[in-house]
Amino acid sequence: MNIHPGLQMPMALRRCCWCGEAEKPHQKHKKCASCEYVIYCSKECQKAAWPDHKQACRYMTESTRRFDGVYESEVLPFGFSSSLAYSRALGDWTEAHSWALQTCAQAFVLQLGGTSFIKIPSEYIMCYKLNCRTKPGQSAASRNPAMMFSAQTQGVVKIEDWMQMHPNNVLHWQGTASERDLIARSMAERCGSAFACLLTVVFKSDGITSSNTLHFPVLHTRQRLPLDEAAMDLLGDVIMLCYRSIDQGFPLRCLEGSDSTMPLPGHFVRKSGKWVWEPFFDDWDDFSPTSTEYPALCRAVAAFKTKLTPKQLLTALLSF
């Protein structure tokens with residue numbers, strides 16, 4: 001089960017929202033002049049993306065205009081000058097942990113019963129409850145993107161129930177319809193017959209009304225459902241590894257330019273004014289569970305219920 005087929009994870013954090021090109025050391029992508037949230041590497045990409053981005057852009061621009069005063073008072077105690085600055089920081093965090101977040105969502109859905117539970121198209125939204133770790137007085141450049149938030153809980157809720165939780169949720173769902181359609185088409189093309197449906201995932205911090213939304217693919221599994229105890233234990237270890245990587249500072253990502261679909265642990269470092277991910281090592285065979293160099297990673301591996309090595313666990317997941 002590879003939920004990232006053909007997906008490159010560049011060392012640089014930010015990518016063009018249309019072609020996926022990463023920012024280079026001395027290059028800064030341009031923001032959409034209207035919503036100021038999505039970024040593009042060129043005017044050509046911005047123009048090509050506009051038919052699909054237009055509806056979501058208008059929704060985000062209007063939402064910022066209507067609620068920015070309320071949202072700003074909520075994010076100021078965390079050191080953000082505006083709701084847009086907070087939203088960008090949350091976007092950087094989800095990008096830093098994109099492999100873990102998508103994998104965790106897929107594994108959680110499988111534990112619930114897969115597509116027989118969420119249906120096709122999905123009748124559910126997944127909600128991540130976060131804790132914002134930033135403090136007043138921190139500069140944007142000093143905030144490690146992988147450490148700005150921690151994930152407390154995740155769960156699913158019916159879309160119809162979620163839309164009743166806040167007046168803005170209905171507007172959000174309607175305003176991002178074209179974005180969901182575009183991503184679903186892209187995922188269906190990338191994943192082929194393995195693609196089942198799209199799962200909308202909402203990221204929201206305690207005490208902050210504003211939230212970010214992403215859309216993850218749900219894939220068909222080769223495993224027979226419902227899963228047996230061994231498969232459930234394996235998924236439990238995968239989810240635990242993902243959570244530990246998110247909360248304890250070793251984001252999992254695939255090496256840029258590598259044919260391998262197996263992620264490696266690493267960290268983000270500041271280079272030439274940008275945050276760049278670097279792996280701890282080039283292959284899991286180079287990792288020792290008794291090493292004192294990566295204590296958080298070693299503690300996570302020691303807690304595996306299956307007692308598999310990280311490489312064995314991830315190999316089993318990819319063959320799911």
Side-chain angles (χ1 to χ4, degrees), residues 1-5 7-13 22 92-108 110-111 131 133 143-152 154 221-223 227-271 274-320:
M1 179 184 68
N2 176 21
I3 65 172
H4 313 276
L7 179 62
Q8 293 293 314
M9 289 185 172
M11 303 301 191
L13 187 65
D92 285 345
W93 179 82
T94 56
E95 173 59 29
H97 295 292
S98 56
W99 191 94
L101 291 169
Q102 290 193 49
T103 301
C104 206
Q106 175 75 38
F108 188 75
L110 286 174
Q111 286 186 323
N131 176 46
R133 292 168 159 173
R143 297 188 187 120
N144 186 321
M147 298 298 292
M148 289 188 288
F149 300 86
S150 62
Q152 295 180 327
Q154 70 180 119
T221 177
R222 291 186 285 268
Q223 298 288 321
L227 298 174
D228 60 23
E229 183 178 354
M232 292 292 277
D233 286 347
L234 187 145
L235 291 177
D237 281 354
V238 168
I239 291 173
M240 187 269 290
L241 177 63
C242 289
Y243 261 79
R244 295 282 186 98
S245 75
I246 291 168
D247 292 344
Q248 297 183 16
F250 54 95
L252 297 164
R253 296 172 74 84
C254 298
L255 282 174
E256 184 178 7
S258 171
D259 293 331
S260 174
T261 56
M262 185 173 294
L264 294 169
H267 59 169
F268 277 88
V269 295
R270 192 80 174 167
K271 288 188 174 181
K274 299 184 187 300
W275 287 100
V276 179
W277 178 81
E278 292 184 347
F280 289 158
F281 38 76
D282 293 332
D283 191 288
W284 278 107
D285 290 335
D286 300 327
F287 167 70
S288 169
T290 59
S291 170
T292 58
E293 195 171 357
Y294 317 112
L297 175 59
C298 291
R299 287 193 297 270
V301 173
F304 285 174
K305 189 173 182 178
T306 59
K307 302 306 179 184
L308 297 173
T309 68
K311 190 168 187 176
Q312 289 170 337
L313 181 74
L314 295 168
T315 298
L317 175 69
L318 291 171
S319 63
F320 224 72

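Since the structure is predicted, the reported quantities are computational estimates derived from the model, not experimental observations.
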**Request:** Measure the CG-CD distance between Leu264 and Glu278 for me, rounded to the nearest 0.5 Å.
**Result:** 13.0 Å

**Message:** Within the structure provided, determine whether Leu313 and Leu234 are in side-chain contact (heavy-atom separation under 4.5 Å).
**Reply:** yes

**Item:** Spacing of Gln152 atom CD and Tyr243 atom OH [to the nearest 0.5 Å]
**Value:** 9.5 Å

**Prompt:** Side chains of Glu95 and Pro145: does their closest heavy-atom pair fall under 4.5 Å?
**Reply:** no

**Shortest non-hydrogen contact from Gln312 toward Leu308** = OE1-CA, 3.6 Å

**Item:** Main-chain N/O of Thr309 paired to Trp284 side chain as donor or acceptor, under 3.5 Å
**Value:** no

**Message:** Is it the case that the side chain of Asp237 and the backbone of Lys305 share a donor-acceptor pair, with hydrogens and angles ignored and the cut-off at 3.5 Å?
**Reply:** yes

**Asked** Between Phe287 and Cys298, is any pair of side-chain heavy atoms under 4.5 Å apart?
**Response** yes

**Asked** Can you check whether His97 reaches Cys242 side chain to side chain, under 4.5 Å on heavy atoms?
**Response** no

**Item:** Any Phe250 side-chain heavy atom under 4.5 Å of Leu241 side chain
**Value:** yes

**Item:** Contacts of Met240 that satisfy side-chain contact (heavy atoms from CB on, under 4.5 Å) - sequence neighbours left out
**Value:** Arg244, Ala300, Ala303, Phe304

**Min side-chain heavy-atom separation Gln223-Leu110 under 4.5 Å** = no

**Request:** Check step by step if side-chain contact (heavy atoms from CB on, under 4.5 Å) holds for Arg253 and Ser98.
**Result:** CA-CA 8 Å; Arg253 296 172 74 84; Ser98 56; 3.9 Å; yes

**Prompt:** Taking the inter-plane angle between the rings of Tyr294 and Phe281 on a 0 to 90° scale, is it parallel (under 30°), tilted (30 to 60°) or perpendicular (over 60°)?
**Reply:** perpendicular

**Request:** Can you measure from CG (Leu252) to CZ (Phe280) and round to the nearest 0.5 angstrom?
**Result:** 9.5 Å

**Heavy-atom check, side chain of Leu314 versus side chain of Pro263, under 4.5 Å** = yes

**Asked** Out of curiosity, Gln111 CD to Ile239 CD1, how far, rounded to the nearest 0.5 Å?
**Response** 4.0 Å

**Prompt:** When you look at Ile246 and Trp93, which way does the side-chain contact (heavy atoms from CB on, under 4.5 Å) test go after all the steps?
**Reply:** CA-CA 9 Å; Ile246 291 168; Trp93 179 82; 3.3 Å; yes

**Request:** Kindly indicate whether the side chain of Thr315, heavy atoms from C-beta on, has any atom under 4.5 Å from the side chain of Met262.
**Result:** yes

**Request:** Output the distance between atom CG (Leu235) and atom CG (Leu227), rounded to the nearest 0.5 Å.
**Result:** 6.0 Å

**Message:** For a quick test of reading the model, state the closest non-hydrogen atom pair linking Phe268 to Ala146 and the distance between them.
**Reply:** CD1-CB, 3.9 Å

**Prompt:** What are the two closest heavy atoms between Phe320 and Arg222, and how far apart are they?
**Reply:** O-NH2, 3.6 Å

**Prompt:** Can you check side-chain contact (heavy atoms from CB on, under 4.5 Å) on Asp92 and Trp275, steps first, answer last?
**Reply:** CA-CA 10 Å; Asp92 285 345; Trp275 287 100; over 6 Å; no

